[in-house]
Asker: 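Before I ask anything, here is the structure I am working with.
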Amino acid sequence: MPHDLPKSYEPGAIEKRWAEFWVTEKLFSVPTPPPGEKRPVFTLLLPPPNVTGRLHMGHMLNQTQMDIIVRWHRMRGFITLWLPGTDHAGIATQMMVERDLAKEGKKRRELGREKFIERVWEWKRQYGGAITGQMKRLGASVDWDREYFTMDDNLSRAVREVFVRLYEEGLIYRGKYIVNWCPRCETAISDLEVKHEEVAGKLWEIRYPVVGSSEFITVATTRPETMLGDTAIAVNEKDERYTHLHGKKVLLPLVNREIPIIVDDLAQPEFGTGAVKVTPAHDPNDFQAGLRHNLPQIDVIDDHARMNANAGPYAGLDRYEARKRVLEDLRAQGFLVSEKDYTLSLGKCDRCETVVEPRLSEQWFIRIKPLADRAKQAVENGSITIVPENYRQIYLNWMTNIYDWCISRQLWWGHRIPAWTCEGCKEMIVAREAPASCAKCGGEKLEQVSDVLDTWFSSGLLPFTTLGWPEKTRDLEVFYPNTLMITGFDILFFWLARMIMFGCHFMQGHQQDAAIERASAQAEGEAEQKDDSVPFRHVYIHALVRDAERQKMSKTKGNVIDPLEIIERFGTDATRFTLAAMAAPGTDIAFNESRTEGYRAFANKIWNAARFMFMNVDRIGLMWGQPPSAVQPGQSPGSSRSGEEVSIFHTATLEDRWILSRFNRVTAEVNAALAAYRFHEAANRVYDFFWGEFCDWYLELIKPRLAENSPADTARPACENLLALFDASLRLLHPIMPFITEELWQAVYEGKVPLKSIALAPYPQSDEKRIDLQAETEMAVLQDLIVNIRNVRAELKVEPKVKVPVEVFAAEPEMRAMIEANRGAVERLANVEKLTFVDHSLARLPGSRGTARFDVHIIFERKIDAAAECEKLKKELEKIEKGITSGQRQLGNEQFLAKAPANVVDNLRKQQQELAVLQQKTQSKLTELGCG
RNA sequence: GGGCGGUUAGCUCAGCUGGUUAGAGCGCCUGCCUUACAAGCAGGAGGUCGCAGGUUCGAGUCCUGCACUGCCCACCA
């Protein structure tokens, strides 16, 4: 069956076909390994995208990196589980459905809780698969059979279990505290969900009359409307300006309420007037001060950020309208001292950008310290390693300065808090399932708390809940701890930190099945693991993808690059390759389309190399499906994984030995790069090898052997080499470019594939025995020679079609012999009519060029532009002499000779010798040309 | 206010633990449809590695300071 590939690679249809194939064939499904299983295990949890999500570049980077690592492990023989799922994403999803409702002119509250939730489920059923569909298009090799949703029954049960246990352990408490309140979402949000933004605002100074005196005390504020809830004025003890006022009272303007002047460090003498108004119900610092001084908390702003009844005449006004009115009134009554421009940092809701209002409310919290301590330890003692390492310190700092976590949200969509209040006695009952009656008074009217849990509460549990916790499952034994977690630093605290806290707490005492060989993303030699309760052993933090101008992508800026659109234009493989090639650890990626264009060209290059190979394979009728010798499918050319020699790779010629050597070297480098998450390095190595060495040199060099008139016993081994190398290169490349490699690998085997997919074939491993230094050196000389001839041809402007006779001088007899043996290659690749060897240097002749090892001289009648040539030569000589001077200086330095390693000194000596030869050659040519 | 990155060719970026004459892709210039590939091939131009000191036999690489730039964290009215 002859291969018939189109002239250029069109990824669209091919990628779709394989993406489907991988899913329908369940190639990446992982059954629970039975007891006694000895193969190493690799487990990775997909950071669940929001069900409402659309694939963006961040997802794609994240998933590309994960898929590369996962495919790599799978090909190396690990039991490889990549567990996918989606997150119910409380606020985001609720907002989405509310928006839909709004289009119908309906509101959430009109619908009622139950109907609303039903509606959300409906939405989820209908659109929730969008993001996973997009993942499939990327080729993410996850186990779809194990796909989870954070609101699945089993996961929800686990959430309740965790909540109840924490409550029983006294690690969850409820109370009236000041929290960040989003008036649009109508819920409390955690500190992490507030982002601060610098905005130009005003600072107003207001004076409060001191009771029983004609004095005033002046305070400054950026939120004057909160003065309606003031319950004190604070001054600093050391501030002598106010000493005489200690213990006095002031009359709160507009409200005419008497409030005390208290002494507290809250007030700092250096700032403003040194006196500060205290509003315990609407400012976190004031709240603390209020507790210290037992001040009343007067709430003046409601759920919707409108003034409430406590605000007297301002009740019902929006907070900003109230601000305006309060200021007007203060001004009118002579209490407003000044108004200044002021830059303040405003807290906004991460989701909807509404300005957050610090507000008093009843919330549930996790006492975080005990959890954080253990989570800190796990990283400190090396049970978890974080790459790049600088994130380790960031993590530890955060864990040290952590505050209690507000976990309740006033939403409807999410895990409802498993707590009920008894209508009769107001007792709070926390339980795994709805209780039938009150344990205290026996009352049967129980009302479940309406709050739901922060989304990160449930996602923080995923490393163990997705494996069956709280049941003691075989999956947990085998797959917990996960091997690796790959995520962006943007959710380091939201998610990563929480997973570690929960994992260390709830999986304490857990031990991974000892029979399972421990997988390591760090290859060998890693420190012994200390603690099996951690959710994962390694963490790799990747950077952010930015747009070409390095701007953070955001919907509001409109600079979002849609990965699917890029994929449409360049192919998934090219897009994946771009992300991999640009993902140097630690730095952000400015996504650059021109790179993707380049990698599309790379895909095309691979495609055409395949066409070339198939053309020859078909002609001589070679079938790779039935290999001629005892080759195992997927073996690296020249070796097998067990180290057993195989005879398939023919090493008769220099180029054969050379390419085999190069392949093994590159294979070692790629494996090492992947082990260290150096994706860019892995990508670049394969790219350079395949294009710069395999295509540019090897294919060109073997063409004569494949020519139509070449005898079968010459063509056949060459073809076999091609197939072997190609097969191995495809496998080497597969983790990064899964689609084109699958397509071509299947074609190599002409439908008689030994395995269902290249994804299951072994990953190439380097065989040191195949690294051939001599071949590499000789080949380098040959390449040099060819390039030198091409150079002179270009300088002399020899027409491309014209073959010229060339003289060669090689200083060393071995090199001369080597060149003679490969003269055909030189003649062909440099378009030489005839190569003749001479015994004397040709350096001084016009139309010549060379290195320390050889000279080439092109016999061609053309006037040489002596002036230009002179200038060029002088420049060259200058460079050479600079090299010589600096080299001599070093070699003349005893310190250098004493301290530098021997190989550095040796290399320098060798280099000096070569430079000396070059210097002499250049000089003689200058003389010959008669340059001034 | 603390902390962390970045600054290398016109553009986008590599350059790991200091060791030959600092690399790639894109762009640019010259020439080629050489039957795998014009998404290609051959050749070429282009860099005082942000600035100033220091350590070292040797610095793009390590240290200090500065400048510009980006990010994270923080309750300063």
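The chains referred to below are lettered A, B, ... by the order of the sequence lines, with proteins before strands, and numbering in each begins at 1.
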Asker: Polar pairs (N or O, both sides) under 3.5 Å between protein and nucleotides 57-64 of chain B?
Answerer:
from: B:C57; atom 1: OP1; to: A:K899; atom 2: NZ; distance (Å): 2.1
from: B:C57; atom 1: O2'; to: A:N893; atom 2: ND2; distance (Å): 3.2

Asker: With a cut-off of 3.5 Å and sequence neighbours excluded, list every side-chain donor-acceptor pair involving residues 680-688 of chain A.
Answerer:
from: A:E681; atom 1: OE1; to: A:R678; atom 2: NE; distance (Å): 2.8
from: A:E681; atom 1: OE1; to: A:R678; atom 2: NH2; distance (Å): 3.1
from: A:N684; atom 1: ND2; to: A:H680; atom 2: O; distance (Å): 3.1

Asker: Could you check whether A:R678 gets within reach of a base, just the sugar-phosphate, or nothing at all, counting any heavy atom under 4.0 Å?
Answerer: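 A:R678: backbone/sugar contact only, no base atoms under 4.0 Å.
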Asker: Can you list every pair that meets salt bridge (Lys or Arg N to Asp or Glu O under 4.0 Å) and has a residue in residues 261-281 of chain A, with sequence neighbours left out?
Answerer: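 Those involving residues 261-281 of chain A are A:D230-A:K277, A:D264-A:R292.
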Asker: With a non-hydrogen cut-off below 4.0 angstrom, is A:G892 in contact with a base, only sugar-phosphate, or nothing?
Answerer: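 If one applies the 4.0 Å heavy-atom cut-off, A:G892 turns out to touch nothing in the nucleic acid.
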Asker: Who are the ring-ring contact (aromatic ring centres under 6.0 Å, His included) partners of A:W607, not counting sequence neighbours?
Answerer: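 With sequence neighbours excluded, A:W607 shows a ring-ring contact (aromatic ring centres under 6.0 Å, His included) to A:Y9, given in chain and number order.
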Asker: Please report the distance separating the P of B:C51 from the corresponding atom of B:U8, rounded so that it comes out in whole Å.
Answerer: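 To the nearest whole Å, 10 Å.
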Asker: Atom CG of A:N390 and atom P of B:C71: how far apart are they, to the nearest Å?
Answerer: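 Atom-to-atom, A:N390 to B:C71, this comes out as 17 Å.
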Asker: Starting at the 5' end of RNA chain B, which residue's closest nucleotide do you reach first, A:E795 or A:Y403?
Answerer: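 Looking at RNA chain B, the more 5' nearest nucleotide goes with A:E795.
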Asker: Starting at CG of A:N684 and ending at C1' of B:G15, how long is that distance when rounded to a whole Å?
Answerer: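 Result: 11 Å.
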Asker: Can you list the residues that meet the ring-ring contact (aromatic ring centres under 6.0 Å, His included) rule with A:F494, with sequence neighbours excluded?
Answerer: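 A:F494 satisfies ring-ring contact (aromatic ring centres under 6.0 Å, His included) with A:W456 only.
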Asker: So, does A:Q911 get its side chain near the phosphate of B:U21, meaning an N or O under 4.0 Å from OP1 or OP2?
Answerer: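 Yes, because at least one side-chain N or O of A:Q911 sits under 4.0 Å from OP1 or OP2 of B:U21.
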Asker: Verify, without hydrogens or angle tests, whether A:D286 (side chain) and A:P280 (backbone) share a donor-acceptor contact under 3.5 angstrom.
Answerer: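 Side chain of A:D286 to backbone of A:P280: no pair is present.
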Asker: Between B:C13 and B:A22, how far apart are the C1' atoms? Round to whole Å, please.
Answerer: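 The answer is 14 Å between these two C1' atoms.
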Asker: So, A:R853 and A:E914, do they make that salt bridge, N to O below 4.0 Å?
Answerer: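 So A:R853 does not pair with A:E914 through a salt bridge.
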Asker: Could you run through nucleotides 32-40 of chain B and give me one letter per nucleotide, 5' to 3': B if any protein heavy atom sits under 4.0 Å from the base, S if only the sugar-phosphate is that close, - if neither?
Answerer: -S--BBSBS
Asker: Once pairs are restricted to Watson-Crick or G-U wobble with both distances under 3.5 Å, how does RNA chain B read as a dot-bracket string, [ ] for crossings and | for other-strand pairs?
Answerer: (((((((..((((.....[...)))).(((((.......))))).....(((((..]....))))))))))))....
Asker: Can you name the residues that form a side-chain hydrogen bond (donor to acceptor under 3.5 Å, both in side chains) with A:Q890, not counting sequence neighbours?
Answerer: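 Listed in chain order: nothing, the list is empty.
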Asker: Only counting residues at least two apart or in another chain, list the ones meeting ring-ring contact (aromatic ring centres under 6.0 Å, His included) with A:F690.
Answerer: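 In terms of ring-ring contact (aromatic ring centres under 6.0 Å, His included), with neighbours along the sequence ignored, A:F690 is linked to A:F694, A:F726.
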Asker: Counting any heavy atom closer than 4.0 Å, what does A:V787 reach on the DNA or RNA strands: base, sugar-phosphate only, or nothing?
Answerer: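 Counting heavy atoms under 4.0 Å across all strands, the contact made by A:V787 is with sugar-phosphate only.
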Asker: Would you indicate what A:Q288 reaches in the nucleic acid, counting non-hydrogen atoms under 4.0 angstrom: base, sugar-phosphate, or nothing?
Answerer: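 The answer is nothing, as A:Q288 stays clear of every strand by at least 4.0 Å.
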Asker: Please give, in whole Å, the distance from B:C73 C1' to A:E197 CD?
Answerer: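 Answer to the nearest Å: 16 Å.
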Asker: Please list, chain by chain and in numerical order, all residues satisfying side chain to side chain contact (heavy atoms under 4.5 Å, CB included) with A:E878, sequence neighbours excluded.
Answerer: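 Side chain to side chain contact (heavy atoms under 4.5 Å, CB included) list for A:E878, sorted by chain: empty.
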Asker: Nearest 0.5 Å, please: how far is CZ in A:R323 from NZ in A:K202?
Answerer: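 Here the rounded value is 12.0 Å.
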Asker: Nearest-Å distance, CD1 (A:I217) to P (B:A77)?
Answerer: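 Computing the A:I217:CD1 to B:A77:P distance gives 19 Å.
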Asker: Using modelled atom types and a 3.5 Å cut-off, is there a donor and acceptor pairing between side-chain atoms of A:R793 and backbone atoms of A:E799?
Answerer: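 Side chain of A:R793 to backbone of A:E799, a donor-acceptor pair under 3.5 Å: yes, one is there.
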Asker: With a non-hydrogen cut-off below 4.0 angstrom, is A:L5 in contact with a base, only sugar-phosphate, or nothing?
Answerer: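 Touches nothing.
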Asker: Looking at residues at least two apart in the chain, or sitting in another chain, which of them share a ring-ring contact (aromatic ring centres under 6.0 Å, His included) with A:F335?
Answerer: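 Partners of A:F335 by the ring-ring contact (aromatic ring centres under 6.0 Å, His included) criterion come out as none, since no residue qualifies.
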Asker: Could you tell me whether A:K703 and A:E700 have a side-chain N and a carboxylate O separated by less than 4.0 Å?
Answerer: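 Result for this pair is yes, salt bridge flagged.
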Asker: Looking at A:H680, does any N or O in its side chain come under 4.0 Å of the phosphate oxygens OP1/OP2 on B:A24?
Answerer: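 No.
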Asker: In whole angstrom, what separates A:E593's CD from B:G25's C1'?
Answerer: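 For the pair A:E593 CD and B:G25 C1', the rounded distance is 15 Å.
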Asker: B:G44, OP1 or OP2 - any side-chain N/O from A:N791 closer than 4.0 Å?
Answerer: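 So the side chain of A:N791 is within the cut-off, an N or O lying under 4.0 Å from OP1 or OP2 of B:G44.
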Asker: Taking atom P in both B:C62 and B:C76, what distance in whole Å separates the two?
Answerer: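 These two P atoms come out 34 Å apart once rounded.
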Asker: With P as the reference atom in both, quote the distance from B:C33 to B:A38 in angstrom, rounded to an integer.
Answerer: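 Rounded to whole Å, the distance is 13 Å.
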Asker: Is A:R595 near enough to B:G25 that one of its side-chain N or O atoms lies under 4.0 angstrom from OP1 or OP2?
Answerer: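 Checking B:G25 against A:R595, no side-chain N or O comes under 4.0 Å of OP1 or OP2.
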Asker: Would you kindly give the CZ-to-P distance between A:R685 and B:C16, to the nearest whole Å?
Answerer: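 Value for this atom pair: 11 Å.
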Asker: Just checking A:Y342: base, sugar-phosphate only, or nothing, at a heavy-atom cut-off of under 4.0 Å?
Answerer: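 Sugar-phosphate, backbone atoms only, no base.
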Asker: Which comes earlier along RNA chain B counting from the 5' end, the contact point of A:W398 or that of A:I394, where each point is its nearest nucleotide?
Answerer: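 Residue closer to the 5' terminus by nearest nucleotide: A:I394.
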Asker: Does B:C72 have OP1 or OP2 under 4.0 Å away from a side-chain N or O of A:Y391?
Answerer: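 The answer is no; no side-chain N or O of A:Y391 sits under 4.0 Å from OP1 or OP2.
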Asker: How far does the P atom of B:A45 sit from the matching atom of B:G1, given to the nearest Å?
Answerer: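 The answer is 50 Å between these two P atoms.
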Asker: Would you mind reading off the distance between A:K202 atom NZ and B:A77 atom P, rounded to a whole angstrom?
Answerer: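 The distance from NZ of A:K202 to P of B:A77 comes to 16 Å, rounded to the nearest Å.
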Asker: Using the C1' atom in both, what is the distance from B:U55 to B:G15, to the nearest Å?
Answerer: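 One C1' to the other, the span is 22 Å.
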Asker: How long is the line joining CZ of A:R392 and P of B:G3, in whole Å?
Answerer: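 My rounded result for the distance is 19 Å.
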Asker: Applying salt bridge (charged side-chain N to carboxylate O under 4.0 Å, His left out), name anything that partners A:D283, two or more places apart in sequence or on another chain.
Answerer: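 Residues passing salt bridge (charged side-chain N to carboxylate O under 4.0 Å, His left out) with A:D283: A:R223.
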Asker: What integer number of Å spans the P atoms of B:G60 and B:C28?
Answerer: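 It comes out at 32 Å once rounded to the nearest Å.
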Asker: Given B:G46, B:G43, B:A77, which nucleotide is nearest the side-chain atoms of A:A794?
Answerer: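 The answer is B:G43, which lies nearest to the side chain.
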Asker: Would you measure the distance from the C1' atom in B:U48 across to the matching atom in B:A9 and give it in whole Å?
Answerer: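 13 Å, rounded to whole Å.
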Asker: Among B:G19, B:C73, B:A42, which is the nearest nucleotide to the side chain of A:F493?
Answerer: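 Nearest listed nucleotide: B:C73.
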